[in-house]
Number of protein chains: 2
Amino acid sequence: MSADVDKVFKALAAPERRLLLDRLHADNGQTLGQLCQQMNMTRQAVTKHLKLLEEATLVATVWRGREKLHFLNPVPIHDIAERWIDKYERDRLRALAELKTKLEGENNG
Amino acid sequence: MSADVDKVFKALAAPERRLLLDRLHADNGQTLGQLCQQMNMTRQAVTKHLKLLEEATLVATVWRGREKLHFLNPVPIHDIAERWIDKYERDRLRALAELKTKLEGENNG
DNA sequence: ATAATATGCAACCTATTGGTTGCATGTAAA
DNA sequence: TTTACATGCAACCAATAGGTTGCATATTAT
């Protein structure tokens with residue numbers, strides 16, 4: 001199962017964390033040390049971001065000796081897409097049309 | 001065009017604001033007063049949430065006399081789905097399989 | 001005209017977030 | 001068996017978020 005939807009949304013709300021996800025998407029299974037590179041902050045700060053991603057189950061980790069490997073979990077993003085995004089996508093064109101007419105019709109400034 | 005992606009993600013990061021979107025999705029064009037009902041906070045607090053939604057272009061407003069009507073704009077959600085979510089959805093099954101084998105194979109606690 | 005309604009704006013308070021530094025611990029390499 | 005490396009943990013700090021109260025303003029109803 002996927003984590004609390006709110007935790008997922010909150011985890012995705014920071015560009016630093018989305019960047020970490022993007023980097024895992026490009027190269028899965030990286031260590032903390034690798035993920036720290038190119039991040040403009042201390043290792044400890046990166047750890048905190050990864051902790052939030054883990055608590056949202058967006059990232060899972062495995063120890064290999066003294067190194068911690070990080071893997072992307074695609075489930076929560078899929079769940080958000082299915083349960084939340086799709087609901088809005090269904091009436092997208094209708095809502096867009098309504099928006100247009102309302103803005104044109106009633107607004108004068 | 002859609003707003004800054006980061007503003008959209010941040011706007012979606014609070015359950016109160018997602019609830020407001022849901023309520024507009026169910027009944028578009030509501031006034032501030034209507035939207036305040038069932039929200040367990042002051043009108044001014046709701047206004048602040050709606051301001052963030054507006055700045056993310058998730059909501060557009062129209063004045064009708066002394067009332068302010070709020071309309072859903074489906075564009076930013078669509079953009080997030082297309083530009084961001086889909087990227088992860090493409091390799092979903094591959095990533096899931098990789099995750100499984102890594103967790104089973106290398107982790108012992 | 002006056003009163004009621006719908007909203008905006010600003011100051012303020014507290015909790016949370018996002019970063020830091022410093023130190024401890026377990027693993028690998030010399 | 002030291003030394004270096006990869007990471008964790010905790011205290012601390014500044015900035016931001018999320019709420020409040022109080023007051024101002026414009027529109028509608030009486």
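Here is how names work: the chains are called A, B, and so on, in the same order as the sequence lines, proteins then strands, and each is numbered from 1. In what follows, every heavy atom counts, from backbone to side chain, and hydrogens, waters and symmetry copies are set aside.
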Participant: Got a sec, which residues hit ring pair (Phe, Tyr, Trp, His ring centres under 6.0 Å) with Y88(B), two or more places apart in sequence or on another chain?
Facilitator: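 H25(A), W84(B).
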
Participant: Quick one: closest heavy-atom pair of A56(B) and K7(B), and the distance?
Facilitator: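 Of all heavy-atom pairs spanning A56(B) and K7(B), the closest is CB-O, 3.7 Å.
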
Participant: When we call it a touch if two heavy atoms are under 4.0 Å apart, what does E16(A) touch: a base, just sugar-phosphate, or nothing?
Facilitator: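 Contact class for E16(A): sugar-phosphate only.
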
Participant: Using five pairs at either end of the helix from dA1(C)-dT30(D) to dA30(C)-dT1(D), determine the angle between the two local helix axes and round it to 10 degrees.
Facilitator: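 Here the helix ends are tilted 20° relative to one another.
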
Participant: Expressed as a whole number of angstroms, how long is the span from R17(B):CZ to dG19(D):C1'?
Facilitator: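 Computing the R17(B):CZ to dG19(D):C1' distance gives 12 Å.
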
Participant: Nucleotide range of DNA chain C contacted by chain A, 5' to 3', under 4.0 Å to a heavy atom?
Facilitator: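 Under 4.0 Å from chain A, the extent on DNA chain C is dG18(C) to dA28(C).
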
Participant: Determine the minimum heavy-atom distance between G29(A) and F71(A), stating which atoms define it.
Facilitator: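 What the structure gives for the nearest pair is CA-CE2, 3.4 Å.
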
Participant: If the cut-off is 4.0 Å, is T42(B) near the phosphate of dG19(D), judged by side-chain N/O to OP1 or OP2?
Facilitator: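 For T42(B), the contact criterion (side-chain N or O under 4.0 Å from OP1 or OP2 of dG19(D)) is not met.
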
Participant: For residues L50(B) and L53(B), determine if any side-chain heavy atom of one lies less than 4.5 Å from a side-chain heavy atom of the other.
Facilitator: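 The answer is yes; the side chains approach within 4.5 Å.
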
Participant: Is there a path from M39(A) to V59(A) through hydrophobic residues (I, L, V, M, F, W, Y) whose side chains come within less than 4.5 Å of each other?
Facilitator: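 In one cluster with M39(A): V59(A), yes.
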
Participant: Measure the distance from CZ on F9(A) to P on dA17(D) and round it to the nearest whole Å.
Facilitator: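 Those two atoms, CZ and P, are 19 Å apart.
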
Participant: Could you pick out which residue, T47(B) or A45(A), lies toward the 5' side of DNA chain C when each is mapped onto its nearest nucleotide?
Facilitator: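 Result of the comparison: T47(B).
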
Participant: Please list, pair by pair, any protein nitrogen or oxygen found under 3.5 Å from a nitrogen or oxygen in nucleotides 25-27 of chain D.
Facilitator:
| residue | atom | partner | partner atom | Å |
| --- | --- | --- | --- | --- |
| dT27(D) | O2 | R66(B) | NH1 | 3.0 |

Participant: Please give, in whole Å, the distance from dT7(D) P to Q44(A) CD?
Facilitator: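 Answer to the nearest Å: 12 Å.
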
Participant: With side chains defined as the heavy atoms from C-beta onward, is the minimum distance between H70(A) and Q34(A) less than 4.5 Å?
Facilitator: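 They are not in side-chain contact.
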
Participant: So K48(A), base contact, sugar-phosphate only, or nothing? Heavy-atom distance under 4.0 Å.
Facilitator: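 Since a base atom lies under 4.0 Å of K48(A), the category is base.
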
Participant: If you compare all heavy atoms of E89(A) against all heavy atoms of A81(B), which two are closest, and at what distance to 0.1 Å?
Facilitator: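 Closest approach of E89(A) to A81(B): OE2-CB, 4.2 Å.
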
Participant: In plain terms, say whether E67(B) and R64(B) are close enough for a salt bridge, that is, a side-chain N and a carboxylate O under 4.0 Å apart.
Facilitator: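 Here E67(B) pairs with R64(B) in a salt bridge, since their nearest N and O are under 4.0 Å apart.
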
Participant: Would you find a donor on one side and an acceptor on the other, under 3.5 Å apart, between the side chain of N73(A) and the backbone of A60(A)?
Facilitator: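 Flag not set: sc N73(A) to bb A60(A) has no pair under 3.5 Å.
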
Participant: Got a salt bridge between E98(B) and K102(B), using NZ or NE/NH1/NH2 to carboxylate O under 4.0 Å?
Facilitator: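 So E98(B) does not pair with K102(B) through a salt bridge.
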
Participant: Check each residue of residues 26-35 of chain A for a non-hydrogen atom within less than 4.0 Å of any atom in DNA chain D, then write out the ones that pass by number, or none.
Facilitator: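 Contacts with DNA chain D under 4.0 Å: T31(A), L32(A), G33(A).
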
Participant: Sorted by first residue and then second, give each salt bridge (Lys or Arg N to Asp or Glu O under 4.0 Å) pair with at least one member in residues 17-35 of chain B; sequence neighbours left out.
Facilitator: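 Listed by first then second residue: D6(A)-R18(B), K87(A)-D22(B).
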
Participant: State, to 0.1 Å, how close P76(A) and V8(A) come at their nearest heavy-atom pair, and which atoms those are.
Facilitator: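 In this case the closest contact between P76(A) and V8(A) is CB-CG2, 3.9 Å.
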
Participant: Between L72(A) and N28(A), what is the shortest heavy-atom contact and its length?
Facilitator: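 Result for this residue pair: N-OD1, 3.0 Å.
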
Participant: Rounded off to whole Å, could you give me the CE-to-C1' distance for the M39(B) and dT20(D) pair?
Facilitator: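 Rounded to whole Å, this separation is 18 Å.
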
Participant: Taking atom P of dT16(D) as reference, at what distance in whole Å does atom NZ of K51(B) sit?
Facilitator: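 Checked: the NZ to P distance equals 14 Å.
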
Participant: Send over the distance from L50(A) CG to dG8(D) C1', rounded to a whole Å.
Facilitator: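 It works out to 13 Å between those atoms.
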
Participant: Spell out, as yes or no, whether a donor-acceptor pair under 3.5 Å connects the side chain of K68(A) to the backbone of W63(A).
Facilitator: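 Looks like no, no N/O pair under 3.5 Å.
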
